Protein chains: 2
Amino acid sequence: MTPSPRGDLFDPDCPTRRLLDRIGTKWTSMAVKVLAEAAPGEVRFAELRRRMPGVSPKMLSTTLQNLLRDGLAERRVEPTVPPRVHYRLTGLGLSLEAALAVVRDWAETHMAEIDRAAGERS
Amino acid sequence: MTPSPRGDLFDPDCPTRRLLDRIGTKWTSMAVKVLAEAAPGEVRFAELRRRMPGVSPKMLSTTLQNLLRDGLAERRVEPTVPPRVHYRLTGLGLSLEAALAVVRDWAETHMAEIDRAAGERS
DNA sequence: CGGAATCCGGAGAGATACTG
DNA sequence: CAGTATCTCTCCGGATTCCG
């Protein structure tokens, strides 16, 4: 289904809007970064928790499931007892990380300016 | 309320998180793009409305006020009757647009893959 | 250990009506 | 024309508890 030939931001189905809806969720970009830092290695659920201070098991699980569903990450289970579950980014996930890195660079460079502007009005 | 230790993505106050919280809101990225397309010219409130189908006056107003507050856009009022209010991006806003363009490119290139992956599980 | 199920509160988003 | 005021509602995110 491609009623919109180009990426038209004003299309309700525009890809950018939908992408931002995903990476804009609270923990997604952080999870992608943690996974990217470990790439091409894997990261276990518990280690992800440790590396993402403040995340609840539910939110981490939800975030990871979204990444899996979107083909951005993969899951591998060691059938031991207790089980060990590992996550890693797919190629698609790694390419997203590259785009996110640009956003991070911008944020680290310019957020202070934004804060200054916003602060002056507070 | 909190001190701002810097440079760590995993800090609750990390700049990337806070940036995504802003550009992730429903209309912000769209408004930035519309303003960027007109740059260095200005765009009036009514024209922004027309170019952002589905936006309510309240949401557009809120979005623009956030951009103003963050120093990403500027407002100019012609003291006529009726008034004419013009908006344009600041230099900071234009640099953000450049970063957003990267996200857009990624989205237009890869969202189909995400949709395919997500669709297979639906 | 790695989740799933459930409940809850608050912010975001929208519709509508009104005003300078 | 360019907003503001108010109300409502959804749903995200968090805490907690339970299961394989």
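In what follows, chains carry the letters A, B, and so on, assigned in the order in which the sequence lines appear, proteins first and then strands, with residues in each chain numbered from 1. Keep in mind the model is a prediction, meaning the values are calculated, not measured.
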What is the nucleic acid contact for E78(A), judged by heavy atoms within less than 4.0 Å: base, sugar-phosphate only, or nothing? nothing

Rounded to whole Å, CZ of F45(B) lies from C1' of dT19(C) at a distance of 14 Å

Give the rounded distance in Å between these two atoms: CG of L60(A) and P of dG14(D). 11 Å

Ion pair present between R104(B) and E97(B), side-chain N to carboxylate O less than 4.0 angstrom? yes

Separation of R50(A) atom CZ from dC1(C) atom C1', in whole Å? 14 Å

Gap between atoms CZ and C1', on R84(A) and dG3(C) respectively (whole Å): 17 Å

Going only through I, L, V, M, F, W and Y residues with side-chain contacts under 4.5 Å, is there a path from L94(B) to L72(B)? yes

Taking side chain as C-beta onward, heavy atoms only, is V102(A) less than 4.5 Å from V103(B)? no

Is any side-chain heavy atom of T62(B) closer than 4.5 Å to a side-chain heavy atom of Q65(B)? no

I need the CG-C1' distance between L48(A) and dG2(C), as an integer number of Å. 12 Å

Rounded distance in Å - CZ (R69(A)) to P (dG3(C)): 16 Å

Would you indicate which nucleotide in dA2(D), dG2(C), dT4(D) comes nearest to any side-chain atom of P57(B)? dT4(D)

Distances under 3.5 Å between nitrogen or oxygen atoms of protein and nucleotides 8-13 of chain C:
unit_1, atom_1, unit_2, atom_2, d
dA13(C), OP1, K26(B), N, 3.2

It should be established whether R44(A) places a side-chain nitrogen or oxygen under 4.0 Å from OP1 or OP2 of nucleotide dG2(C). yes

With respect to the phosphate group of dA15(C), does any side-chain polar atom (N or O) of S56(B) fall under 4.0 Å of OP1 or OP2? no

Looking at K26(A) and D21(B), does any basic side-chain N land under 4.0 Å from a carboxylate oxygen? no

OP1, OP2 of dG2(C) versus side-chain N and O of R49(A): anything below 4.0 Å? no

Report yes if some heavy atom in the side chain of V43(A) is under 4.5 Å from a heavy atom in the side chain of H86(A); otherwise report no. no

For residues P83(B) and R44(B), report the shortest heavy-atom separation together with the two atoms involved. O-NH2, 4.1 Å

Mind calculating the distance between CD (E47(B)) and P (dC1(D)) to the nearest angstrom? 12 Å

Side-chain N or O of Q65(A) closer than 4.0 Å to phosphate OP1/OP2 of dG3(C): no

Between dG3(D) atom C1' and L64(B) atom CG, what is the distance in whole Å? 10 Å

